[in-house]
2 protein chains.
Amino acid sequence: MASKLKLDAIGLKILDLLQQDAEQQLAQIAEAVGLSSTPCWRRIQRLKESGVIRRQVALVDAQALNVGVTVFVSVRTATHTQEWFERFRATVQAIPEVVEFYRMSGDVDYLLRVVVPDIAAYDAVYKRLIAGTQLFDVSSSFAMEELKFTTALPLGYVR
Amino acid sequence: MASKLKLDAIGLKILDLLQQDAEQQLAQIAEAVGLSSTPCWRRIQRLKESGVIRRQVALVDAQALNVGVTVFVSVRTATHTQEWFERFRATVQAIPEVVEFYRMSGDVDYLLRVVVPDIAAYDAVYKRLIAGTQLFDVSSSFAMEELKFTTALPLGYVR
DNA sequence: GTTGAAAAACGCGGAGT
DNA sequence: ACTCCGCGTTTTTCAAC
């Protein structure tokens, strides 16, 4: 779904508004970008169809769900086979506490962001991680405070 | 907005549905949780008012915005005054390429997730970071591949 | 807390400029 | 490609169980 839809100034403004707040009515967005509702609606449709807007979600308060602790987990591995990777990936994907998962360059092979209620719960996730695949080095860093978290991407680099 | 709204099984199911996809109609959600639309609507209202649902946003494709490169930046500092912190925080908050920003325990003091088009653009962000406040140690790790990214938090820990 | 239905608002599409 | 306008649906409110 990676499409090459050209994004003009109005399209960018629509994206900006929607990635800040997707609850506003079509009419408000239309007015904000200086369009009537029909063409604005069609633009939003195209943005969704082309995959530029991937989905629309509700962001839930982590405290309310009792997962206020964020842990970053750095993983090093000695095994670098395709088979091992697929297994590791499947293991990690299936753990709902893992909300982000990256393959890295440099000395760390993988980086995970995990959300849990406390350190004891993290230990359970840790055990699940190392149980899923063969041995590797794991190093955990705890976040004391979330200073910024946004799903809004910067719009300044659009070609 | 940190409220102690009790979350029952139906409330959790509503949250789960909405954090997967906030576009579905009220009627669909109501049917899925086995409620008629009025009580379901009231529950969602309460979840929003109490702050359990923080906001509703559109997730935009990073490739389409030409910010396909994720960099994790570890920051160490020698200065630990309140004044320095406030200045650093303000600097970082103002940089739109920084999408996540945590104060950490352990050897690293702060961890940032930065999204940019390429390494050259990252260098510009790096310069902006070190220009904002006094000297500190900065270490950058590049993500080669995003294996998982979700805004959906696990629901299994609700008390 | 639930239901069903009425009132209001909105999304969506067509025809025209 | 946008504006205007109206139909059909959905949200939202209300009265009653």
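What you see below is based on every heavy atom in this structure, not just the backbone, and it leaves out hydrogens, waters and symmetry mates. Protein chains get the first letters and strands the later ones, always in sequence-line order, with residue 1 at the start of each.
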How about B:E97 and B:Y122: does a side-chain donor come under 3.5 Å of a side-chain acceptor?
->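 Looking only at side-chain atoms, B:Y122 and B:E97 do not form any donor-acceptor pair under 3.5 Å.
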
For A:Q25 and for A:S37, locate the closest nucleotide of DNA chain D by heavy-atom distance; then report the residue assigned to the nucleotide nearer the 5' terminus.
->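 Residue closer to the 5' terminus by nearest nucleotide: A:S37.
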
What's the [atom1]-[atom2] distance between [X] and [N], to the nearest Å?
{"X": "A:R43", "N": "C:dC12", "atom1": "CZ", "atom2": "C1'", "answer": "17 Å"}
{"X": "B:D8", "N": "C:dT2", "atom1": "CG", "atom2": "C1'", "answer": "14 Å"}
{"X": "B:Q45", "N": "C:dG1", "atom1": "CD", "atom2": "P", "answer": "14 Å"}
{"X": "A:R42", "N": "C:dA15", "atom1": "CZ", "atom2": "C1'", "answer": "12 Å"}
{"X": "A:L26", "N": "C:dC10", "atom1": "CG", "atom2": "P", "answer": "10 Å"}
{"X": "A:E23", "N": "C:dA9", "atom1": "CD", "atom2": "C1'", "answer": "16 Å"}

C:dC12 phosphate, OP1 or OP2, under 4.0 Å from A:W41 side-chain N/O |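 Yes, such a contact exists.
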
Salt bridge between [X] and [Y], side-chain N to carboxylate O under 4.0 Å?
{"X": "A:R103", "Y": "B:E146", "answer": "no"}
{"X": "B:R46", "Y": "B:E49", "answer": "no"}
{"X": "B:D8", "Y": "B:K13", "answer": "no"}

Report the nucleotide, chosen from C:dT2, C:dG1, C:dG11, that has the shortest atom-to-atom distance to any side-chain atom of B:R46.
->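 So the nucleotide nearest the side chain must be C:dG1.
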
Is it true that a side-chain atom of B:R55 and a backbone atom of A:L59 form a donor plus acceptor pair closer than 3.5 Å?
->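 Not confirmed, B:R55 side chain does not pair with A:L59 backbone.
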
Are the aromatic rings of B:F88 and B:Y110 close, with centres under 6.0 Å apart?
->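 Between B:Y110 and B:F88, which both carry aromatic rings, the centre distance is below 6.0 Å.
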
Quick one: how far along DNA chain D does chain B reach, first to last nucleotide 5' to 3', anything under 4.0 Å to a heavy atom?
->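 Extent of the interface on DNA chain D: D:dT10 to D:dC14.
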
Quiz item: A:T38 side-chain donor-acceptor pair to C:dG13 base, under 3.5 Å =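 Indeed, a donor on one side and an acceptor on the other fall under 3.5 Å apart.
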
